[in-house]
Every structure is written in structure tokens, then in C-alpha cells.
Amino acid sequence: MPILNAQNLQKCYKTHRKSLMAVKDVSLQLAAGEVLAFLGPNGAGKTTSIKMIAGLIQPDQGNIRILDLDPHREPEALKHLGAVLEGNRNLYWRLTPEENLEYFGVLRGLTRKQARQQGRRLLDRFELNHKRKETIQKLSRGMQQKVAIAVAMVHDPKLLLLDEPTLGLDVEATETVKRLVREIASEGRGIVLTTHQLDVAEALSDRVAIINQGSIVTEKPTHELINQFSSSTYRIALE
Ligand code: ATP
């Protein structure tokens with residue numbers, strides 16, 4: 001069974017003046033251990049698609065299954081899902097990494113003791129132990145991003161959704177986040193990450209789905225895509 005199966009998603013945003021077809025036709029499938037890069041220029045519909053998969057925005061059309069559960073109808077699906085959707089804004093800035101992990105762990109159904117233990121494991125693993133008592137607002141963006149990913153994993157989900165995980169990070173933090181993504185996938189989790197940077201997709205993903213103006217225009221194993229087109233061709237297309 002795929003970890004994620006999203007078929008023919010569609011979303012139109014309606015305001016009082018106009019309506020905008022943000023997502024016209026998006027289908028994505030993901031197996032355990034796979035990293036899918038969802039690549040496309042700004043405004044292509046990546047975030048909207050990811051939010052539909054995360055159960056935050058109701059699709060107008062289409063079907064979503066996370067391990068065969070519908071995130072919009074079966075809340076059980078959310079147990080299998082972790083998401084970092086708004087940079088590091090899923091965190092409480094005046095709390096410490098330790099407190100964030102405990103708080104979100106309990107929110108995700110762990111006992112306080114389990115949440116503390118799991119928090120400690122993640123802080124160790126993400127090399128954040130020395131910062132566990134600093135407030136989030138005092139940490140660098142790279143550290144904040146690591147805490148955000150740790151928090152998304154506190155309940156041990158099978159599927160991780162990461163919206164632009166390396167955006168705004170310096171070179172060192174980018175490399176750390178890339179390493180973590182690869183490690184997390186190698187444990188048998190599925191990861192969908194959005195990016196508008198071809199090099200991020202190239203470095204991290206097994207498959208790439210390219211979205212443009214709300215529709216997936218191509219989907220291929222990453223190495224095939226890279227071989228088929230020179231990086232510069234796509235870089236230009238994505239700018
Ligand atoms: P970016 O990288 O800039 O976030 P994206 O590929 O993630 O781009 P979306 O954020 O999904 O794209 O946006 C797709 C389109 O929908 C854009 O034209 C955007 O302006 C519009 N849009 C996004 N959210 C809303 C909203 N809440 N109401 C109205 N229009 C929206």
C-alpha cells in the first residue's frame with residue numbers, strides 16, 4: 001500500500017471579486033522510503049496541494065489517502081502525518097525546543113512521559129541538545145528549521161510533508177537539513193518536499209513531480225530528469 005495516494009486534486013480560491021484555479025490537476029503517489037520533490041515556480045500551486053494533503057484545505061475535487069485513510073474524513077490519518085508547512089512558524093517562539101516537543105507530543109496523543117522521552121531522542125539526533133533550553137526566537141534559522149522538523153516527527157509519522165525546507169537557510173544549515181531528510185527517508189518514511197530549486201530536488205529526491213500553473217506537467221525518477229535535460233534548461237524554466 002502506498003504511504004500517500006492523492007488523485008486528481010483540484011482547488012479554486014474564491015474571493016468576492018474573482019476566483020483563481022490554484023490547483024487544476026495534481027496526482028501524487030509515494031512509497032515507503034521515497035522522497036518526492038514537488039518542483040515548480042512561485043504560485044504554481046505546490047503549497048495549496050500540500051495543504052490539501054495535510055487535511056488543512058478541503059479539495060474541490062479529488063481523493064487523498066494516507067495509508068488508505070482520508071485525512072479529511074478520518075482523523076486517524078493524521079497520526080501518520082507530520083508537516084512543516086510555514087517555515088518555522090509551527091513553533092511557539094517563546095518556548096524552548098524541549099517545551100515545544102513536549103507540548104506537540106502531548107497534542108499528538110503521547111503521554112507526557114512519552115513526549116519527553118521522544119523529545120530527548122529527537123534533540124539528540126538533531127544535534128540540538130545544547131540548545132534545548134533556549135527559546136526558539138534566540139535560535140538561528142537553521143536550528144529553528146531543525147526543531148520544526150523534529151516537532152513534526154514527534155509522534156513518529158510515516159509521511160512527512162516539508163514545504164520549502166531549505167528556503168532562507170545558509171549553506172551549512174541547508175546541508176544539515178538535506179542530511180536529515182535523507183536519513184529520515186532511509187528509515188522507511190515517505191517525504192514530500194516542495195521546492196523551486198532544482199539543485200535541492202536533485203540532491204534529495206528519488207522522484208520529481210513538476211507543477212506549473214496548477215497541473216503536474218511531468219513526473220520522473222530524478223536521475224532521468226537530470227539526464228534528460230541540462231540543469232540550466234530547468235533552472236531557466238523555473239525562474
Ligand atoms: P509559493 O512558492 O509562492 O508559495 P506555490 O507553488 O506554493 O507558490 P500556492 O501558494 O499554492 O503556490 O499558490 C497558488 C496560487 O494560489 C497563487 O496564485 C496564490 O496567489 C494563490 N493563493 C494561495 N493561497 C490563496 C488564498 N488563501 N486565497 C486566494 N488565493 C490564494
Side-chain angles (χ1 to χ4, degrees), residues 4-30 34-64 66 71-72 78 81-91 141-142 144-145 148-149 152 159-170 173-174 177-178 181 190-220 222 225 229 231-239:
L4 169 68
N5 189 3
Q7 292 296 326
N8 307 109
L9 301 184
Q10 219 176 76
K11 180 71 197 177
C12 181
Y13 289 116
K14 294 189 182 74
T15 59
H16 59 289
R17 285 182 186 208
K18 55 179 184 176
S19 59
L20 179 103
M21 204 63 176
V23 172
K24 293 178 194 147
D25 189 8
V26 164
S27 298
L28 298 174
Q29 273 212 2
L30 191 73
E34 217 181 3
V35 182
L36 175 79
F38 200 20
L39 181 69
N42 289 338
K46 303 182 294 293
T47 302
T48 303
S49 302
I50 290 284
K51 284 184 173 170
M52 286 192 277
I53 292 168
L56 291 170
I57 298 180
Q58 184 82 37
D60 297 334
Q61 302 264 352
N63 273 303
I64 303 166
I66 297 171
H72 292 274
L78 303 180
L81 169 77
V84 182
L85 296 182
E86 308 263 351
N88 41 34
R89 279 177 281 158
N90 62 331
L91 303 173
R141 275 194 81 160
Q144 289 170 351
Q145 183 66 336
I149 298 175
L159 171 66
L160 209 55
L161 305 174
L162 303 175
D163 199 8
E164 299 275 2
T166 57
L167 191 70
L169 301 189
D170 63 27
T174 299
V177 169
K178 283 181 178 172
V181 167
I191 299 181
V192 180
L193 59 92
T194 73
T195 182
H196 61 273
Q197 295 166 284
L198 183 68
D199 55 334
V200 172
E202 187 177 353
L204 285 185
S205 65
D206 304 300
R207 271 188 305 131
V208 180
I210 297 185
I211 181 170
N212 197 20
Q213 295 184 6
S215 298
I216 292 197
V217 289
T218 188
E219 196 193 321
K220 283 188 190 326
T222 310
L225 186 88
F229 300 98
S231 299
S232 56
T233 313
Y234 263 101
R235 230 168 244 130
I236 290 162
L238 291 167
E239 272 163 7

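In listed order, ligands and their atoms are each counted from 1. Because the structure is a prediction, the values reported are computed rather than measured. Positions are given from 1, in the same order as the sequence printed here. For the numbers below, each heavy atom of this structure counts, side chains included, while hydrogens, waters and symmetry mates do not.
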Among protein heavy atoms, which lies nearest atom 10 (O) of ligand 1, and at what distance? Thr47 CB, 3.6 Å
Ligand 1 atoms in contact with Pro41 (distance to a heavy atom under 4.0 Å): 6 (O)
As an exercise, state the distance from CG of Leu9 to CD1 of Ile53, rounded to the nearest 0.5 Å. 6.0 Å
Under 4.0 Å from any heavy atom of Lys46, which atoms of ligand 1 are there? 2 (O), 5 (P), 6 (O), 7 (O), 8 (O), 11 (O), 12 (O)
Which residue owns the protein heavy atom closest to atom 2 (O) of ligand 1, what's the atom, and how far is it? Asn42 OD1, 3.3 Å
Any idea which atoms of ligand 1 are less than 4.0 Å away from a heavy-atom of Leu20? 15 (C), 16 (O), 18 (O), 21 (C)
Does any N or O in the side chain of Lys11 come within less than 3.5 Å of the main-chain N or O of Gln58, such that one atom is a donor and the other an acceptor? yes
Examine distances only and state if a side-chain atom of Ser205 and a backbone atom of Leu36 form a donor-acceptor pair shorter than 3.5 Å. no
Gln213 atom CD, over 12 foreign heavy atoms within 6.0 Å: no
If you round to the nearest 0.5 Å, how far is CG of Asp60 from OH of Tyr13? 10.0 Å
Report the member of Asn212, Thr48, Ile57 with the shortest heavy-atom distance to atom 9 (P) of ligand 1. Thr48
What is the nearest protein non-hydrogen atom to atom 3 (O) of ligand 1, stated with its residue, atom name and distance? Gly43 N, 3.4 Å
Backbone N/O of Met52 and side chain of His72: donor-acceptor pair under 3.5 Å: yes
Taking atom 30 (N) of ligand 1 as the reference point, the nearest protein heavy atom with its distance: Tyr13 CD1, 3.3 Å
Check whether any heavy atom of Gly45 sits under 4.0 Å from an atom of ligand 1. yes
Could you say whether the N/O atoms of Thr15 and ligand 1 ever approach to under 3.5 Å? no
Ala22 N/O under 3.5 Å from ligand 1 N/O: no
What do you think, any protein heavy atom under 4.0 angstrom from atom 16 (O) of ligand 1? yes
Examine distances only and state if a side-chain atom of Thr222 and a backbone atom of Arg207 form a donor-acceptor pair shorter than 3.5 Å. yes
If you round to the nearest 0.5 Å, how far is OG1 of Thr47 from CG of Asn42? 9.0 Å
